[in-house]
Amino acid sequence: MRELFTEHLIYWLILFLFMLGPYGMIFKKNLVKKLMSMNIMQVAVILFFLALGQKTGGTIPINLPGLIGAEHYINPLPHTLMLTAIVVSLATLGVSLGLLLTVQKRYGTLEEDELLRRMNQ
Amino acid sequence: MKEQLPALIVIVPLLIALLSPLVAYFSTRLLRGLGLTAAAVSFVSAVGALGHALTKGPWHYYFGNWAPPWGIEYVIDPLSGLMAVLVSFLSLVVLIYTDSFLREEGWLKQGIHYALYLLLTAGLLGMTVTGDVFNLYVFLEISSLSAYGLIASGGYKATVSAFRYVLVGTVGASFYLLGVGYLYAITGSLNMADLTVRLQPLLDSQAVLIAMVLILVGMGIKMALFPLHGWLPDAYTYSPPAAIPFIAGVMTKVMAYVLLRYFFFIFGVLNGFVPLVLEVVGWIAALGIILASVMAIAQSDFRRMLAFSSVAQVGYIGLGLSLGNMFGFIGAVFHIINHAIMKCCLFLVAGGVKWKTGEHLIEKYAEMSRRMPLTMGAFLLGAFSMVGIPPTAGFFSKWYLILGAIEKDLWIYVVVIILSSLLNAIYFFRVIEQAYLKKAPVAEREKFVEDKKPELPATMLVPIVVLGACILVVGILNEPLVSNILLMAFPGGGL
Amino acid sequence: MKFVRAGALLVVVVMTVVLFIGAGALPAIYNPQSPASTHVSDRYIEKSVEETGSLNFVTAVLADYRGYDTLGETTVIFTAGLAAVVLLRSAQKADSRGKKVPLAKAGKGMSERFGTIVLNTAARFVIPFVTLYGVYVLVGGGEGNPGGGFQSGAVLAIAIIISRLVYGEGAAFNISGDLALILAGIGTFIYAFVGVLTLLWGGNFLEYGIAPFLMSAAEKHSLGISGIEIGVTLCVMATIIAIFDALARKEEVS
Amino acid sequence: MPGAFFLGFLVFLMAVTGLSALFARDLLASIIMFSAFSYFAVLTYLTMGAPDVAFTEAVVGVVSTTFFIVALRRMKRGSSK
């Protein structure tokens, strides 16, 4: 049981979260919810990277006096990469909310079916 | 500064982009000058770097002087150098053309447009010359976000298609990033050269297969490979004419280049699961070529027709990738170059016609050849090249693709290429017929007879003519291009 | 239509299953011997204090070893600000075409004041602390605390957003949208300019060690890191405000 | 590793809040669930030993929730219903 937890289950949960993104984007008809599923997907990627950097016996990657050696600290590289990824997700969110507002202003709806109907009029 | 050329390719447009809102507030004319200078400097640096790569071998540039697996490096080899030259050249040409569309706008709009355009350029250039898979992601996001902004500035319908593009594009980027995560998990490295070495013993692992599929899907979405192309037609149709030639011409092609880079250089086409994946890509691409060409015939809007034709043309590049041999590689890279130039030229023409008449429908092109002879001449070259008529560039890339298919005994691909050329001929002939053979209605006619200046203004005409000439020049000079650059670019190349 | 939905569901499920099976091929989580934990990262952990002078390894990697990525990241934020502003502006075409609007008047936030007495008083207490904290995060970033330019910029932006939300457009503590956009560009430019300086001094881009100052290498690096962190702070703060302004801007009556 | 159970639990909570954000009827409720999702993400990052990422996610969570709410307010105002 413990093996399962440490080796697979966390990856599975993360990948489940990841696939929630495409699922929500296809099946949720509200554009705001599509946006949320996009964000959930990005968070899942971040979790995935952070999970890769885990290390038994490692502490947070900030230098402690007297504690020297790579085996004592968690790998800092995924953290760095994911800082960038978080920032990218915020940027995408800002742009897409702006787009949503414009769409709402013009077509008066954010439901996909209704939107398509009004666009074709 | 000579030894800093690889950095300058990307840094110069980036710097000017950052300052453009500030500069625009004081003087939009200064902004225009600076923007052109930045694009020109970038182009010159790219040419210099390519020259160095061809004569003295690949050029590695370390950012912050940290050696590769720890720091980020730029690698200019013949392939990435060639792509950088192509991207920066088209950026420069389209930037000259853009001017007429923006003159009337306020300072903020102009400043933002220049900033986004230069950021798009910098992002795409960064993607081509980087040697680090995560750095590639960062520049992918820069180019995507600026493309969303540029497309969305084209009015209300554009915002809906831009929103769809944001969603789909972010899915693509996330898939790509997850694929990078898999690669990082099993190798511990992000540097391309380092990855190549460390992946060798692992190529039979399932994780590599999944990473490959994730990267393929991610980049497939971004380059609009056939079943993943849903975002493209609307985005190309509704985006403003000042931005779309560059986006349509270059963006999908850079994504295709990334796939070539991954499959030919990092995974290696003959290893592990790669041939299996490539075979699937080949069939999908072949199907996509035919279906998208048929769809293109059904369109009445010129830009939408070009958009579907883009999907088909990206299929050719996928086909070359899937062949996995030298001719396939040469055909794919050659087609990237050709298609970037042709599509850019055709969209410039579409924008020019729109500027003149305000119309995009093919049926309104009647007698356009008399009204704008030079523009339509460039269009004719582009159309011939798309169809693949010999002296133009398009023929030669198809030729290499066919050679590659024959080498692998895949005759069905040969049939697909020839059949799709026929389809191309059909849908371009419709436009040619309108522009050259049909008579315009009398009312329309009187309007343009009175028109004292029939052609476009020089800032628009020159880019169109230059690109039209490029199609011919690339076609005529295909032999030196292939033997001096493309063969050098092939992994383990130079024969 | 039903058929298409079923097909899409099938694709999603199949991909999930494939990813689940593929997760088995990944190295086990928490394994200290996994490639990710042994190949590149050791140098960051063991050498970064002497090579970059930063006690926080994440800051060292972020701002120094992979500093170029962070320049890209900052640019991404700036790009988002540009895109958000342009599309909300082009939506309100009624804006004076081609006319130069003075910067001071350019940004009109939410016009109505919806602060009550409780909110006003609370905001008066909260804003200085948030601001102070933002500055502290910036300064303390390299000293072994988590945080740095990005977090600091976001916290500062939150202070301004609170003030805008409570006091409305007349808030004294306010930056207008267009000015914010220009500031964001300048912030990112500061970052890039540090790199250009190192180019001019004859080093590679962002090679802090090349600076012609009488300092140890670690000190030069931490100086460079502080330089770029300031740029990041400015850019992030200004961009968040610009996006907020674009989202909250009341449509002008035309 | 005892932390693994806690970590698994937190990721599970993230999945739950994420799902409920997607399936909530009301948009405001959905946004609130989304900020809860973001909060659990912060906890998960902390458990994974990434204080920097957690800090960033915390501020980004605040900013993005603000963006969502402000945008929602505008959308409600502009809607035809």
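Each chain gets a letter, A, B and so on, in the order the sequences are listed, and its residues count up from 1.
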Decide if atom NZ of C/K47 counts as having more than 12 heavy atoms of other residues, nucleotides or ligands within a radius under 6.0 Å.
-> no
Between C/A154, C/S37, C/P35, the one whose heavy-atom pairs under 4.5 Å with chain A are most numerous |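 Of C/A154, C/S37, C/P35, C/S37 has the most heavy-atom pairs under 4.5 Å with chain A.
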For chain A, find which of C/V58, C/V236, C/V12, C/I243 contributes the most heavy-atom pairs closer than 4.5 angstrom.
->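 So the answer, after comparing C/V58, C/V236, C/V12, C/I243, is C/V58.
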In Å, rounded to the nearest 0.5 Å, how long is the span from [atom1] of [X] to [atom2] of [Y]?
X: A/W12; Y: C/I21; atom1: CH2; atom2: CD1; result: 9.0 Å
X: C/L62; Y: A/L81; atom1: CG; atom2: CG; result: 9.5 Å
X: A/Y73; Y: C/E46; atom1: OH; atom2: CD; result: 10.5 Å
X: C/L9; Y: A/I26; atom1: CG; atom2: CD1; result: 8.5 Å
X: C/F244; Y: A/L97; atom1: CZ; atom2: CG; result: 12.5 Å
X: C/S48; Y: A/N63; atom1: OG; atom2: CG; result: 7.0 Å

Shortest non-hydrogen pair, C/A84 vs A/G94, comes out as CB-O, 4.3 Å
Quick one: closest heavy-atom pair of A/N75 and C/S41, and the distance?
->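 Answer, listing the atom of A/N75 first, then C/S41: OD1-CB, 2.9 Å.
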Contact check, side chains of [X] and [Y], non-hydrogen atoms, under 4.5 Å:
X: A/L83; Y: C/Q151; value: yes
X: A/L77; Y: C/Y44; value: yes
X: A/P61; Y: C/I45; value: no

Where do A/V88 and C/E73 land on the side-chain contact (heavy atoms from CB on, under 4.5 Å) test, with the steps shown first?
-> CA-CA 7 Å; A/V88 166; C/E73 168 199 328; 5.8 Å; no
Could you give me the CA-CA distance, side-chain angles and deciding distance for C/F57 and A/I62, then say whether side-chain contact (heavy atoms from CB on, under 4.5 Å) is met?
-> CA-CA 6 Å; C/F57 305 137; A/I62 290 176; 5.9 Å; no
Looking at A/P78, A/G98, A/S96, which one has more heavy-atom pairs under 4.5 Å with chain C than the rest?
-> A/G98
Answer with side chain, backbone, both or neither: which region of A/F16 has an atom nearer than 4.5 Å to a non-hydrogen atom of chain C?
-> both
The interface call for A/F48 against chain C, heavy-atom contacts under 4.5 Å, is side chain
